[in-house]
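Each chain gets a letter, A, B and so on, in the order the sequences are listed, and its residues count up from 1.
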Number of protein chains: 2
Amino acid sequence: MRDLDETDRQIIRLLLEDARRPYSDLADRVGLSAPAVSDRVDRLREIGVIRSFTLDLDRSLLDGGTPVLVDLDVPVARAGEMRNALAELDRVEHVFQTADGRLLVRALVDGDDVTGLLADAIDLDEIRRVDVDLLVEERWTPTIGDAGLALTCVECGNTVTSEGESLLIDDERYHFCCGSCSSNFEERFDRIQRNA
Amino acid sequence: MRDLDETDRQIIRLLLEDARRPYSDLADRVGLSAPAVSDRVDRLREIGVIRSFTLDLDRSLLDGGTPVLVDLDVPVARAGEMRNALAELDRVEHVFQTADGRLLVRALVDGDDVTGLLADAIDLDEIRRVDVDLLVEERWTPTIGDAGLALTCVECGNTVTSEGESLLIDDERYHFCCGSCSSNFEERFDRIQRNA
DNA sequence: ATTGAAATCGGCCTAGC
DNA sequence: GCTAGGCCGATTTCAAT
């Protein structure tokens, strides 16, 4: 697996500005042909750097509820699962999970019923602390700087280098440092799935 | 200015899922022609509900620094200005500002030099409290539910209804409840600009 | 209906074994 | 010298306006 080069980063920067930009336009700007750009974009999606093409909406113009920031302390061991459950809620737009079991949730609430919102996704008994703040403004300014790829082998934990590969299983992508890690993981996965 | 109808919301939902979806595909799904969809998307951009087409990136695959969440208490009166200054920084992706003068900043830092990062944008003496947490995961799941437009006339503060209009001045869009508010604002703006 | 963009395919070039 | 990967150009099909 190749690392990101400056052309990949340029393509990402241009698409962050306008994700509908034609490939031919990208091609002119980065000095490649349109099919070459298309190949690179496909690859960026394959490895998962580009999760999706989407919209930046101005939520201050929409009347869907009161925007709040909910700050939760939860058990560290349960934080990942709770983060996912919260992210699934329609009224939750962002969830940030910190290393020490804090979840920051950007959500829309009706009236002031934050508890009702949270109860739809998680068990309130597991929450150690809740703070709710009214949001008055939010800014989003995505950049990528000069970042390269930083993948960790899900089988052995090593850093994934140019020899690495990746697998797509059930809509989740898994990265491996080598073919043997990849096949070990796949075998184990198949075994577990047969037993289930 | 017309409010959002269910077709607008459907178009937005589909574009949130995949902003590169062809208009003809959208057209099939919402039961309109492609040009009609194109007109609606233009309108949604005009009024500012769609700020831009962009990418959802998986930052956990990129190595541009350590992702942290910085939690600041600042003087309420200075919060807006400080929020903007922080958002300008290359390494800052999100800034959330709460009603009580708290700023939550998602940033990338080198090593652990958070202070250095903040000092580039704001005066550290104005900060009343700083907490820094390591981020381990973040989810972005934009939705719009069944929201309509919620615009406030910048001239008189009334709610903008179907009679409203809007102006684009210096890349900023201003909404008005009626033609007279719009022209009052424009005249005042011109006067101020001539004097400057 | 015209103009323009996306996808596809065969072939070329280069790097690495 | 052979293979694999990346890119190009032409073509055809489909989309934007």
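- Here the straight-line distance linking atom CG of A/Leu4 with atom CG of A/Leu149 works out to 4.0 Å at 0.5 Å rounding.
- In this structure, CG of A/Leu26 is placed 16 Å from C1' of C/dA7, rounded to the nearest angstrom.
- Atoms CZ (B/Arg21) and C1' (C/dA6) sit 17 Å apart, rounded to a whole Å.
- For D/dA16, neither phosphate oxygen OP1 nor OP2 lies less than 4.0 angstrom from any side-chain nitrogen or oxygen of B/Ser38.
- Distance A/Asp39 CG to C/dA6 C1': 12 Å, rounded to the nearest Å.
- Atom CG in A/Leu44 sits roughly 12 Å away from atom P in D/dG6 (whole-Å rounding).
- Put simply, B/Ser24 has no side-chain N or O that comes within less than 4.0 Å of OP1 or OP2 on D/dC14.
- Taking atom CG of residue A/Asp3 and atom C1' of nucleotide D/dG5, one finds them 16 Å apart after rounding to whole Å.
- Rounding to whole angstrom units, CD1 of residue B/Ile11 and C1' of D/dA16 are separated by 15 Å.
- Atom CG of A/Asp25 is separated from atom P of D/dA15 by 20 Å (rounded to the nearest Å).
- Rounding to the nearest 0.5 Å gives a distance of 10.5 Å between CZ of B/Phe53 and CG of B/Leu16.
- We find that CD of A/Glu46 is positioned 13 Å from P of D/dG5, with the value rounded to whole Å.
- Considering only side-chain N and O atoms, A/Arg20 lies nowhere under 4.0 angstrom from the phosphate OP1 or OP2 of C/dA5.
- A side-chain contact (heavy atoms from CB on, under 4.5 Å) with A/Leu72 is found for exactly one of A/Val95, A/Leu104, A/Leu118, namely A/Leu118.
- One finds a side-chain N or O of A/Arg40 lying less than 4.0 angstrom from the OP1 or OP2 phosphate oxygen of D/dC7.
- Remark: B/Arg59 is not positioned above the aromatic ring of A/Phe96, lacking an NZ or CZ atom under 6.0 angstrom from the ring centre and at most 45 degrees off the axis.
- Cluster membership for B/Leu62 and B/Val68, using ILVMFWY side-chain heavy atoms within less than 4.5 angstrom, is not shared.
- Among the protein residues, B/Pro22 comes within range of the sugar-phosphate backbone only, with heavy atoms under 4.0 Å from sugar or phosphate atoms but none that close to a base.
- The B/Tyr23 side chain lies nearest to D/dA16 when the options are D/dA10, D/dC7, D/dA16.
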